[in-house]
S.K.: 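The structure is given below, and queries will be raised subsequently.
Throughout, a chain's letter reflects where its sequence line sits, starting with A, and its residues are numbered from 1.
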Amino acid sequence: MRIATYNINGINARLPVLLRWLAETQPDVVCLQELKAPQENFPEQAILEAGYQAIWLGEKSWNGVAILSRGHAMQEVRNTLPGDDTDTHSRYIEAIINKTLIACLYLPNGNPAPGPKFDYKLSWMKRLQEHARYLLSEDVPVVLVGDYNVIPTDMDVYKPERWLDNALFMPEPKAEFAALVGQGWTDALRTLHPDERIYTYWDYFRKAYDRNAGLRIDHFLLSPQLAGRLRSAGVDRHVRGWEKTSDHAPVWIVLDDPTD
DNA sequence: ATGACTCCCGAGGGGAGA
């Protein structure tokens with residue numbers, strides 16, 4: 001089973017890129033973030049014609065997450081991250097696909113830091129840890145995947161010294177991410193490629209993609225019983241070079257199918 | 001570096017992204 005995550009940065013503006021990439025790579029499951037479309041403006045028909053059923057949670061202007069599935073039935077479990085009934089951002093959706101729980105998340109950016117947006121990021125990360133702990137207690141394989149907006153280590157950024165004051169790289173979010181992983185999750189790409197420079201995002205400024213001035217901020221975390229099923233993982237880096245493309249590239253893993 | 005680049009909203013710039 002090939003599972004991908006892609007911060008699409010506006011699903012309607014990027015629809016040709018999304019469809020081209022789906023046709024080229026045909027993942028079984030796709031987690032999308034930053035739809036930037038209200039619920040009623042999701043391009044469901046085009047996605048269906050590409051061979052995918054979809055569940056999504058839209059929002060006017062910002063955020064928005066979706067899960068696409070090709071060939072496997074999909075059962076939506078929830079579309080909010082538990083722990084704060086006042087949080088209205090569309091940043092989380094979860095489904096069971098092929099006996100595997102897929103949690104698609106778009107973690108808050110948090111800039112500028114310090115400030116209320118940074119506080120929101122940290123509280124969201126604490127809620128995610130609490131929910132992740134609950135998921136680990138369930139008897140089901142889990143993939144926690146999406147745009148975490150966290151650069152985990154110096155290896156994951158082209159010039160660490162330039163990002164010290166940024167909410168993606170400050171000590172608190174890094175510590176919260178490390179605490180989450182420390183519950184027993186496996187960072188799929190880093191585990192399979194411990195010594196490689198891997199980036200999943202290049203900003204639109206200053207020819208960042210041409211200079212490979214990137215960040216690794218889109219992550220797959222696998223529950224312990226899933227880690228043994230991990231076969232390969234990578235970044236569809238070339239997609240970032242297409243016309244009218246997102247500032248993120250798609251990231252993917254391949255898992256062995258469940259045995260039972 | 002209050003930069004740059006690109007989206008959405010909506011009809012002109014402003015907010016957000018990372």
S.K.: Between C1' on dG17(B) and NZ on K121(A), what's the gap in Å once rounded to a whole number?
M.R.: 12 Å
S.K.: Using a cut-off of 4.0 Å on non-hydrogen atoms, how would the nucleic acid contact of N7(A) be classed: base, sugar-phosphate, or nothing?
M.R.: sugar-phosphate
S.K.: Under 3.5 Å, is there a donor-acceptor pair linking the side chains of D257(A) and N98(A)?
M.R.: yes
S.K.: Please state whether the phosphate of dG17(B), meaning OP1 or OP2, lies under 4.0 angstrom from any side-chain nitrogen or oxygen of K117(A).
M.R.: yes
S.K.: Any salt bridge linking D156(A) with K174(A)? Criterion: basic side-chain nitrogen under 4.0 Å from a carboxylate oxygen.
M.R.: no
S.K.: Picking from dC9(B), dC7(B), dT6(B), which would you name as closest to the side chain of K36(A)?
M.R.: dC7(B)
S.K.: Take the angle between the ring planes of H219(A) and Y148(A) and call it parallel below 30°, perpendicular above 60°, tilted in between.
M.R.: tilted
S.K.: Using heavy-atom distances to pick each residue's nearest nucleotide on DNA chain B, tell me which of A37(A) and L107(A) is more 5'.
M.R.: A37(A)
S.K.: Taking atom types as modelled, is there a side-chain donor on E176(A) or Q129(A) under 3.5 Å from an acceptor on the other?
M.R.: yes
S.K.: I'd like the C1' distance from dT2(B) over to dG13(B), given in whole Å.
M.R.: 16 Å
S.K.: So what does L215(A) touch, heavy atoms closer than 4.0 Å: a base, only the sugar-phosphate, or nothing?
M.R.: sugar-phosphate
S.K.: Tell me if a side-chain donor or acceptor on R91(A) pairs with a main-chain N or O of Y106(A) at a distance below 3.5 Å.
M.R.: yes
S.K.: Grab the OH-P distance between Y204(A) and dC8(B) for me, whole Å please.
M.R.: 10 Å
S.K.: Taking atom types as modelled, is there a side-chain donor on N111(A) or K117(A) under 3.5 Å from an acceptor on the other?
M.R.: no
S.K.: Taking OH from Y106(A) and C1' from dG17(B), how many angstroms apart are they, rounded to a whole number?
M.R.: 6 Å
S.K.: Using a cut-off of less than 4.0 Å, is there contact between a side-chain N or O of R206(A) and OP1 or OP2 of dC5(B)?
M.R.: no
S.K.: Can you check the distance between dA11(B) and dG17(B), where both ends of the measurement are the C1' atom (answer in whole Å)?
M.R.: 23 Å
S.K.: Starting the side chain at C-beta, find the nucleotide from dC8(B), dG10(B), dA16(B) nearest to W62(A).
M.R.: dA16(B)
S.K.: Please pick, from dC5(B), dC7(B), dC9(B), the nucleotide with the shortest atom-to-atom distance to any side-chain atom of R14(A).
M.R.: dC7(B)
S.K.: Write down the distance separating the P atoms in dC9(B) and dA4(B), rounded off to the nearest Å.
M.R.: 23 Å
S.K.: Measure OH/Y120(A) against P/dG17(B) and give the value in whole Å, please.
M.R.: 10 Å
S.K.: For D247(A) and N9(A), find the nucleotide of DNA chain B closest to each by heavy atoms; which residue's nucleotide sits nearer the 5' end?
M.R.: N9(A)
S.K.: Taking the P atom in each of dG14(B) and dA1(B), what is the distance between them to the nearest angstrom?
M.R.: 24 Å
S.K.: Starting at CG of D165(A) and ending at P of dA1(B), how long is that distance when rounded to a whole Å?
M.R.: 11 Å
S.K.: D147(A) has an atom CG; how far is it from atom P of dC7(B), in whole Å?
M.R.: 18 Å
S.K.: What is the distance, rounded to the nearest whole Å, between atom CG of L35(A) and atom P of dA16(B)?
M.R.: 19 Å
S.K.: Quickly work out the D203(A) CG to dG3(B) C1' distance and round it to whole Å.
M.R.: 12 Å
